[in-house]
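Read the structure below first, then the notes.
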Amino acid sequence: NAISKAFKIIVATNKDKRLLKELYNSVDKNVEIQPYVPQLPNLYENDFKNVNFKKIFSKYKINKKNIFFYPAQFWSHKNHKYIIDAALELVKNNIKDFLFIFTGHDKGNKNYIIKLIKENKLEDNFLMLDYVDNKELISLYINSDALIMPTFVGHSTLPLYEAFYFNLPVFFTKGLLDDELKKHVYEIDIFNPQNFLNSFNEFSREKNINKDKIKSGKNFYEKNCNKINLFQNLSKIFKEYEYLKSRW
C-alpha cells in the first residue's frame with residue numbers, strides 16, 4: 001500500500017531496487033538508490049581529530065597477529081556461530097595466531113555464543129565486548145586486520161561502508177551483496193566453514209589483492225557514501241516534489 005502511494009522510494013542498492021520490483025511491483029522511476037552514509041567518518045575527521053586511538057586500543061591488550069572484527073548485535077541471524085566454526089577450521093590446520101572481536105548488545109543469542117566458545121576451548125581466540133562507544137569503535141576499525149560479516153541478511157551494511165572508509169579488507173557472505181559491492185570483498189560461503197580457511201589463506205598470501213580490494217572499496221565509499229552525495233540526491237527528490245506540487 002505504501003509503495004503504490006509513495007512519491008519516491010529510497011533503497012540502498014541496485015539489488016534492493018530489483019527485488020522491490022519483483023516482490024511488490026514497484027515502478028523503476030519512483031525508486032532512488034542511496035547507499036548508507038555512516039557517521040563514524042565524520043566524527044573521525046572532525047570531532048575526534050586529537051583522539052589517541054592507539055592508546056584506546058591498547059587497553060584490550062591484544063597480542064595476536066590476525067585480528068578480525070565483527071561489530072554486530074547478538075541476533076541469531078547475524079550468524080556468530082559461523083565464525084566459531086571457522087575458528088575451529090583454522091585451529092585444525094595449525095593456525096592459532098588469530099583473534100575474532102565481537103561487539104554489540106545481547107539480543108538473545110550472546111550466552112549461546114559464549115557457551116560454544118568455552119565448549120570448544122577457543123577463549124584465547126575471541127574477545128567478547130558489549131556495546132562500545134564511537135571512539136572505541138573507531139579504534140577497533142583502525143587496528144583490526146579485516147572486517148568479517150557472515151550475516152544471513154543485508155545486501156549492504158553500515159559496517160561494510162565503515163570498513164571501506166577505514167581501509168579494512170572485508171569478508172562477507174557469498175551471494176548476498178549487491179553486484180557493485182561484492183567485487184570489493186572476499187566472499188565466504190556461510191554454509192561451509194571450511195571455505196573460510198581458503199579465503200584466509202588467500203588473504204594472508206595475496207597482499208596485492210588486499211591492496212586492490214581496499215583501494216576499490218575506498219573509491220566506492222568516496223563516490224557514493226559521502227554527505228555531499230546524500231545531500232545532492234535528497235535535494236533532487238525534494239526539488240522534483242516541489243515542482244510537481246506547484247502544478248496545483
Side-chain angles (χ1 to χ4, degrees), residues 12-13 15-16 35-41 43-44 57 60 62 64 66-90 98-118 120 122-123 125-178 181-182 184-193 195-196 199-200 203 217 221 225:
T13 68
K15 193 171 186 178
D16 294 321
Y36 304 130
V37 178
Q39 291 305 305
L40 281 187
L43 292 172
Y44 178 70
F57 184 76
Y60 300 118
I62 295 172
K64 295 290 186 179
N66 299 290
I67 303 171
F68 294 90
F69 181 36
Y70 189 24
Q73 301 192 62
F74 287 88
W75 297 100
S76 57
H77 71 266
K78 288 299 180 181
N79 199 17
H80 292 78
K81 185 180 185 301
Y82 170 86
I83 298 178
I84 296 173
D85 295 336
L88 287 172
E89 290 298 324
L90 294 179
F98 66 89
L99 182 74
F100 290 104
I101 301 175
F102 290 164
T103 69
H105 287 303
D106 182 17
K107 296 297 181 178
N109 211 41
K110 187 173 184 179
N111 287 337
Y112 173 62
I113 296 303
I114 293 173
K115 176 172 174 267
L116 288 177
I117 291 171
K118 290 180 178 179
N120 288 283
L122 290 170
E123 294 96 326
N125 298 108
F126 283 86
L127 175 61
M128 304 287 290
L129 303 174
D130 196 7
Y131 173 83
V132 296
D133 64 28
N134 287 323
K135 293 177 183 178
E136 293 171 311
L137 189 58
I138 290 173
S139 78
L140 291 169
Y141 272 114
I142 292 174
N143 292 282
S144 295
D145 294 297
L147 179 82
I148 180 168
M149 297 216 76
T151 177
F152 282 108
V153 298
H155 304 142
S156 67
T157 67
L158 274 173
L160 173 73
Y161 296 132
E162 290 166 347
F164 286 171
Y165 173 81
F166 288 108
N167 298 307
L168 203 60
V170 178
F171 292 76
F172 207 99
T173 304
K174 183 178 180 181
L176 185 58
L177 283 176
D178 184 84
L181 293 169
K182 66 183 182 182
H184 312 305
V185 308
Y186 293 89
E187 289 194 288
I188 50 176
D189 183 355
I190 61 172
F191 293 97
N192 179 15
N195 171 256
F196 180 77
S199 297
F200 175 85
F203 166 76
Y221 177 89
C225 303

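Treat the numbers as computed from the prediction; the structure is a model and nothing was measured.
A heavy-atom distance below 4.5 Å is found between the side chains of Ile117 and Met128. Annotation: side chain of Phe200 is in contact with side chain of Asn66 (closest heavy-atom distance under 4.5 Å). At a threshold of 4.5 Å between non-hydrogen side-chain atoms, the residues Asn111 and Lys115 do not count as touching.
For the ring-ring contact (aromatic ring centres under 6.0 Å, His included) criterion with Tyr221, the lone passing option out of Tyr36, Tyr161, Tyr165 is Tyr165. Exactly one of Phe102, Phe171, Phe98, Tyr186 qualifies for a ring-ring contact (aromatic ring centres under 6.0 Å, His included) with Phe68. That residue is Phe171.
Remark: side-chain polar atoms of Thr173 are paired, donor with acceptor, to backbone N or O of Met149 under 3.5 angstrom. The backbone N or O of Lys78 sits less than 3.5 Å from a side-chain atom of Tyr70, completing a donor-acceptor pair. Checking side-chain atoms of Asn143 against main-chain N and O of Phe57 turns up no donor-acceptor pair under 3.5 Å. No donor-acceptor distance shorter than 3.5 angstrom exists from the side chain of Asn109 to the backbone of Phe74, with no hydrogens or angles considered. The backbone N or O of Phe191 lies less than 3.5 Å from no partner atom in the side chain of Lys174, so there is not a single donor-acceptor pair.
The aromatic ring centres of Tyr141 and Phe166 sit less than 6.0 Å apart. Annotation: His77 is not in aromatic contact with Phe152 [ring centroid separation under 6.0 Å not met].
The CD1 atom of Ile101 sits 12.0 Å away from atom CD1 of Ile148, with the distance rounded to the nearest 0.5 Å. Once rounded to the nearest 0.5 Å, the distance linking CD of Glu89 with CZ of Phe196 reads 11.0 Å.
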